[in-house]
Structure formats: C-alpha cells, structure tokens
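Notes for the one structure printed next.
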Amino acid sequence: MPKLRLAVVGAGPAGIYASDILLKHERAFDVSIDLFDHLPAPYGLVRYGVAPDHPRIKGIINALRDVLDRGDIRIFGNVRFGVDITLDDLKKHYNAVIFATGAVKDAPLDIPGIDLPGSYGAADFVSWYDGHPDFPREWPLEAQSLAVIGNGNVALDVARVLAKHADDLLPTEIPANVYEGLKKSPVTDVHVFGRRGPMQVKFTPLELRELGELRDVDMIVHDEDFDYDEASLAAIKSNKQVMVIDKVLKQWRERPVGEASRRLHLHFFAKPLEVVAGPDGSVASFKYERTEPDGAGGVRGTGEIREVPIQALYRAVGYFGSPLDGVPFDDERGVIPNHEGQALDEHNQIVPGVYATGWIKRGPVGLIGHTKSDAMETISHLVNDQASWWTPESPSEDSVVELLDSRGVQYTDLDGWHRLDEHEIALGAAEDRARIKVVPRDEMVKVSRGE
Ligand SMILES: Cc1cc2nc3c(=O)[nH]c(=O)nc-3n(C[C@H](O)[C@H](O)[C@H](O)COP(=O)(O)OP(=O)(O)OC[C@H]3O[C@@H](n4cnc5c(N)ncnc54)[C@H](O)[C@@H]3O)c2cc1C
Ligand SMILES: NC(=O)c1ccc[n+]([C@@H]2O[C@H](COP(=O)([O-])OP(=O)(O)OC[C@H]3O[C@@H](n4cnc5c(N)ncnc54)[C@H](OP(=O)(O)O)[C@@H]3O)[C@@H](O)[C@H]2O)c1
C-alpha cells in the first residue's frame, strides 16, 4: 500500500485537528504524521491565548490531548521551522507538509505615538499573562488609568484581566510571576474604545456579560453612544447576538454606578487618532475622533476631537501571521496565500506538496471550532492531490530523528509533554491550584526530557 509521510508544522488546534481528520479519512494509502511545534508544549493559542479565567475553553485541551494520546501522531516539540528544520529538509523526508502556524503577533495600528513607552500590543500582554516562554517575565503594570483599543474578544480579555483583582485569578493556572505582577497593579480605570457603535462590535455576548460580573469593578457606559441609527435597530431585530448585547448594555445604562475601587468604561464611536507623550516621553493621553453612524453599519468622522488622560495603552486590533522561510506569504493579510488550503505562489499557481490550515490559512479570526472545518477542506485536497506529492529521498521515520539529533536540536515528544503536564499539575497541587504553568523554555525542555 502506498504511504503518505506528512509533516504538520504547528501543534495548535488547526494542526492537531488536521492530523486527526486525515487519520480518520477514507483513503487508499497509509499515513504517518510528524507534528512539529517550536514550543515545547502543544495546543498553540489554547494554551497561550485563551484567557486563564476561561477554564471551560481551556478544557478543549483535553479533547486535543485525547487525539495525541492515541499515539498515532509523532510529536516533535521545541523544533522551530525555519531554524531547526527547513522546507528543503521536509522535502527530503516527507511527501507533503501542512503549515498550521497560526498567528502570535499584534496587527499594527498606524497612528502617531503608537510606539511610545507605555503603549503595548494586546498579543504581547496575552502571551505574558498566559506564560508564553518567549516573552519577558516582567510586565510593567504601573498605570492607574489605561486604554484598550478595539472591540473584539481579545480587547475584552485584556480589559478584564487588567481590571480584575489578582486574587480572583489565583484559582486559575496563571504563572506565579503573573499573579505577583497583577497583584501590584494600581489600576483604577480601564477604558475600552471601539471605533464603531455598540451594535457593530466584534465581541460576543457571553464575554461582554462577564465584565458585569467582576468583583469590585463598576461598568460605565455613556448615554450618548446609544442613539441608534436604522442599521443598528435592524441589527437588533435580525441578529440574536446583537439583541443580547443591546440588552446587557441597557442593564448597565439603567443601573446606578456603584462605589467599586475599579471601573471599566466602554466608549463607542471613538476612532483612534494619536497616543500623546507626556514630559517624560511616555504615554500620557489618548486622542480620538468622535464618529457617528453612517446609516449602513459603518461610521464617519464628526471632526470632534477628544482626549483622555491615561498612562498605558493596549492595542487589541487583531493578530497577524508571520512569514515562513521558503513558503509563499501575503504581507497584507499575514497568511499563506491559498486555494482552500493549497498554497499558491506569486502567479496564483498551486505549490505542490504545501498546504495551510487554521489562522495562517484564513487569517486571525474565528473560534477554535472553526479550525476543524478548515482542516477538513485542506485535508480533502491533500488526499486528492496524491499525484503531485513530493518524492522524498529519505522517507524512513528514523531519518528525521537522525537529522534533528545531528543538529543538536533538544526536541520534546509526547512522553515529554506528559512529564511537563504532570509536573505543572503537581506544582499546582502544592498550592491547592489545578495547575501552575512552567514558563522558562529551558525549564520546560528539561522537565520534558526528564533531565
Ligand atoms: C487571546 C486569544 C484568546 C482566544 N480565546 C478563544 C476562546 O476563548 N475561545 C475560542 O474558541 N477561540 C479563542 N481564540 C481563538 C483561537 O485561539 C484560534 O481560533 C485558534 O487557536 C487558531 O488555531 P491555529 O492552530 O490556527 O493557531 P495557533 O493556536 O496559534 O497554533 C499555531 C501553532 O504553531 C506553532 N508555530 C508557529 N510558528 C512556528 C514555527 N515557525 N515552527 C514551528 N511551530 C510554529 C505555534 O507555536 C503554535 O503552537 C482566542 C484567540 C486569542 C488570540
Ligand atoms: N472568548 C472568546 O471566545 C474569544 C476570546 C478572544 C478571541 N477570540 C476570537 O479570536 C479572534 C480574534 O479576536 P480579535 O479581538 O483579535 O479580533 P477581531 O474580532 O477581529 O476584533 C478586532 C477589533 O479591532 C478593531 N480594529 C481593527 N483595526 C482598527 C483600527 N485601525 N482602529 C480601531 N479599531 C480597530 C475592530 O474594529 P472594526 O470591527 O471596526 O473593524 C474590532 O473591533 C476572533 O474571532 C475572536 O472571537 C475569542
């Protein structure tokens, strides 16, 4: 029986679902899959993006783990594509590759002052609080008043973590340094700015409602933002999510503001203009233009400029994928250009043997579940493309191990992940917590490799 030796780069949900779907797919060939990730632990943004106080979503890890625990996918953690292994290497050892490398960087927000000290990307902050090994251990949390730009779920995650009392995050898996950092935060006011109206937000009702349940945090909304236009009224009628968002915001408008020690303000119709520096050169205020509905779901500027004093700003205006050596890349969208998962070159021609799935295929939008349907589409092409797969020089399973060993790559495997997992659970148990994440990469690798 012919055999497909497949490399999958990226052990986030997209890479794991794609591997699982292929193994279960009806096919006339055998399959062996090697799954590479540059992190020593799998699960991508489920481990390093989903907020620690969302344990139900973090629980998706259990389903992904069940797939890996079956043992029919070989894992190589701590192996970075483009550094430890290249496209030429993959061509020598495999018939095809699926890239599922997601996105970890912040999309840019091109306004003056965005690079000032005190102005941060939400993705970097998320990586810090979720204990990503490649980000600094310390995070400067000195601001009393701060701005979060964007009206997506990441903006709400970041605003919630910034506004929440550190002790309320302690039952989660946050690393010790994150708890210590948040505990010292003097924050009193978190301002979230959306450039469109409350009925055009990208965040979802559950995540909005959760803000109103934070202990010792008052929600502040402003009546001027609720003079709905026809498009907004139509959206409330036709879309259940929008209807619920309207209801939640209405409750906050109607209830008296309490006396909490922290406030979370939602500002709509606020188009970012500038981050303004103070005398010490760091963030001192945020300037925005008031917008108004254009009647079609969009907004137009009113010319009215406003300024709020703040000491820190977080832009949560989306994520952005990173290019991979030797692989086509669309610089504008931050994705591998593709036709339903088949990579396309600069002439829009299919690149044989190269596939994409997940956020690096579709862009950084959508929930974990969406990566499953993505993977199905990509796999159905891979299976049908048998005639154009690569013919590897060294297809044996040992040859890749020999290559990594010859390069001194300290890769981790499934047993290693189990060791790290158990170690983190034991660290948590000692403090009556479910888990405490290990953050430094060398420590993760040491524990995984049993050294
Ligand atoms: C802050 C945040 C919170 C979220 N919360 C939720 C939520 O609550 N619920 C929900 O349904 N969705 C949530 N999402 C969306 C969800 O995380 C994504 O839909 C999903 O993770 C995308 O999967 P992916 O596998 O394409 O990418 P990723 O999860 O990013 O996985 C990509 C993997 O590729 C690896 N990789 C990257 N480059 C290389 C390389 N060069 N070599 C080797 N490996 C590499 C990475 O280490 C990573 O493990 C959230 C997203 C963010 C950003
Ligand atoms: N709990 C969860 O389920 C959860 C948590 C986190 C993330 N996620 C998912 O992960 C995906 C990514 O989330 P995300 O929040 O990064 O992206 P997103 O949903 O695309 O939201 C991005 C936000 O940034 C705004 N924005 C973009 N450019 C801007 C600019 N120049 N100026 C001002 N605002 C700007 C957008 O406004 P416009 O709408 O006006 O463009 C939008 O409000 C989403 O699918 C999200 O649902 C889910």
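Start at 1 and go down the list; that is how both ligands and their atoms are numbered.
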> Have R5 and S32 got a donor and an acceptor in their side chains that come within less than 3.5 Å?
Replying inline: yes
> What part of D37 sits under 4.0 Å from ligand 1 if we count only heavy atoms: the side chain, the backbone, both or neither?
Replying inline: both
> With backbone taken as N, CA, C and O and side chain as the heavy atoms from C-beta onward, which portion of V83 lies under 4.0 Å from ligand 1: side chain, backbone, both, or neither?
Replying inline: neither
> Got L162 and V187 here, is their nearest side-chain heavy-atom distance under 4.5 Å?
Replying inline: no
> Hey, looking at atom 42 (C) of ligand 2, which of K202, R160, R196, K271 has the closest heavy atom?
Replying inline: K202
>> Just to confirm my output: which protein heavy-atom neighbour is closest to atom 25 (O) of ligand 1, and how far is it?
In response: A14 N, 2.9 Å
>> Using a plain distance cutoff, I'd like to know if R80 has any nitrogen or oxygen under 3.5 Å from a nitrogen or oxygen of ligand 1.
In response: no
>> Within ligand 1, which atoms have a heavy atom of T371 less than 4.0 Å away?
In response: 22 (C), 23 (O)
>> Is there a polar contact, in the sense of an N or O pair closer than 3.5 Å, between L45 and ligand 1?
In response: yes
> Measuring from the heavy atoms of G82, does anything fall under 4.0 Å of ligand 1?
Replying inline: no
> So which protein heavy atom does atom 44 (C) of ligand 2 come closest to, and at what separation?
Replying inline: G366 N, 3.8 Å
> Less than 3.5 Å between some nitrogen or oxygen of G366 and one of ligand 1, yes or no?
Replying inline: yes
> For ligand 1, which atoms sit closer than 4.0 Å to a heavy atom of L39?
Replying inline: 47 (O)
> Out of D110, I149, V317, who gets a non-hydrogen atom closest to atom 35 (C) of ligand 2?
Replying inline: V317
>> Considering non-hydrogen atoms of the protein only, which is the closest contact for atom 16 (O) of ligand 2, and what is the distance?
In response: V154 CG2, 3.3 Å
>> Within ligand 1, which atoms have a heavy atom of G358 less than 4.0 Å away?
In response: 26 (O)
>> Using a 4.0 Å cut-off to any heavy atom of L324, which atoms of ligand 1 qualify?
In response: 41 (N)
>> For L182, is there any backbone N or O sitting under 3.5 Å from a side-chain donor or acceptor partner on K164?
In response: no
> Quick one: does ligand 1 sit under 4.0 Å from the side chain of V126, the backbone, both or neither, non-hydrogen atoms only?
Replying inline: side chain
>> Using a 4.0 Å cutoff against the non-hydrogen atoms of A100, which atoms of ligand 1 qualify?
In response: 32 (C), 33 (C), 34 (O)
> Do D325 and T86 have side-chain N/O donor and acceptor atoms under 3.5 Å apart?
Replying inline: no
> What's the shortest distance from atom 11 (O) of ligand 1 to any protein heavy atom, and which residue and atom give it?
Replying inline: I368 N, 3.0 Å
> Nearest protein heavy atom to atom 31 (O) of ligand 1, by residue and atom, and its distance?
Replying inline: G12 CA, 3.5 Å
> To the nearest 0.1 Å, how far is atom 26 (O) of ligand 1 from its closest protein heavy atom, and which atom is that?
Replying inline: W359 N, 2.8 Å
>> Could you tell me, atom by atom, which parts of ligand 2 come under 4.0 Å of a heavy atom of V365?
In response: 45 (O)
> When you measure from atom 4 (C) of ligand 2 to every protein heavy atom, which one gives the shortest distance, and what is it?
Replying inline: N153 CB, 3.4 Å
>> Closer than 4.0 Å to some heavy atom of G44 - which atoms of ligand 1 meet that?
In response: 29 (O), 31 (O), 48 (C), 49 (O)
> Taking only heavy atoms of G152, which atoms of ligand 2 are found under 4.0 Å from at least one of them?
Replying inline: 15 (O), 19 (O), 21 (O), 23 (C), 43 (O)
> Can you list the atoms of ligand 2 that are under 4.0 Å from a heavy atom of W359?
Replying inline: 10 (O), 11 (C), 12 (C)
>> Return the closest protein heavy atom for atom 44 (N) of ligand 1 as residue, atom name and distance.
In response: H38 N, 3.1 Å
>> Show the atoms of ligand 2 that are less than 4.0 angstrom away from any heavy atom in L367.
In response: 3 (O), 47 (O), 48 (C)
> What pairs meet the salt bridge (charged side-chain N to carboxylate O under 4.0 Å, His left out) rule with one or both residues in residues 328-342, with sequence neighbours excluded?
Replying inline: none
>> When you compare ligand 2 with P272, is there at least one nitrogen or oxygen pair between them that comes in under 3.5 angstrom?
In response: no
>> I'd like to check which ligand 2 atoms, numbered from 1 as shown, lie under 4.0 Å from a non-hydrogen atom of A316.
In response: 23 (C), 24 (O)
> Which heavy atom of the protein is the closest neighbour of atom 6 (C) of ligand 1, given with residue, atom name and distance?
Replying inline: V50 CG2, 3.7 Å
> Within the distance-only criterion (no hydrogens, no angle test), does the side chain of S399 pair as donor or acceptor with the backbone N or O of P395 below 3.5 angstrom?
Replying inline: no
> Against heavy atoms of P364, which atoms of ligand 2 measure under 4.0 Å?
Replying inline: 11 (C), 12 (C)
>> Among all the protein's non-hydrogen atoms, which is closest to atom 1 (N) of ligand 2, and how far away is it?
In response: E207 OE2, 3.0 Å
> ligand 2 and N151, any nitrogen or oxygen pair closer than 3.5 angstrom?
Replying inline: yes
> Under 4.0 Å from any heavy atom of L109, which atoms of ligand 2 are there?
Replying inline: 30 (C), 31 (N), 32 (N)
> Got the closest protein heavy atom to atom 41 (O) of ligand 2, with its distance?
Replying inline: R195 NH2, 2.8 Å
> Which ligand 1 atoms does V79 reach within 4.0 Å, using its non-hydrogen atoms?
Replying inline: 43 (C)
> Against heavy atoms of V9, which atoms of ligand 1 measure under 4.0 Å?
Replying inline: 42 (N), 43 (C)
>> Using a 3.5 Å cut-off on N or O atoms only, is Y319 in polar contact with ligand 1?
In response: no
> Can you tell me if Y355 and D385 form a side-chain donor-acceptor pair at under 3.5 Å?
Replying inline: yes
> Do Y120 and F125 have ring centroids that are under 6.0 Å from one another?
Replying inline: no
>> What I want to find out is whether D134 reaches R441 closely enough, with some N-O distance under 4.0 Å, to be called a salt bridge.
In response: yes
> Can you list the ligand 2 atoms lying under 4.0 Å from a non-hydrogen atom of D157?
Replying inline: 5 (C), 6 (C)
> Which residue supplies the protein heavy atom nearest to atom 42 (N) of ligand 1, what is that atom called, and how far is it?
Replying inline: F81 N, 2.9 Å
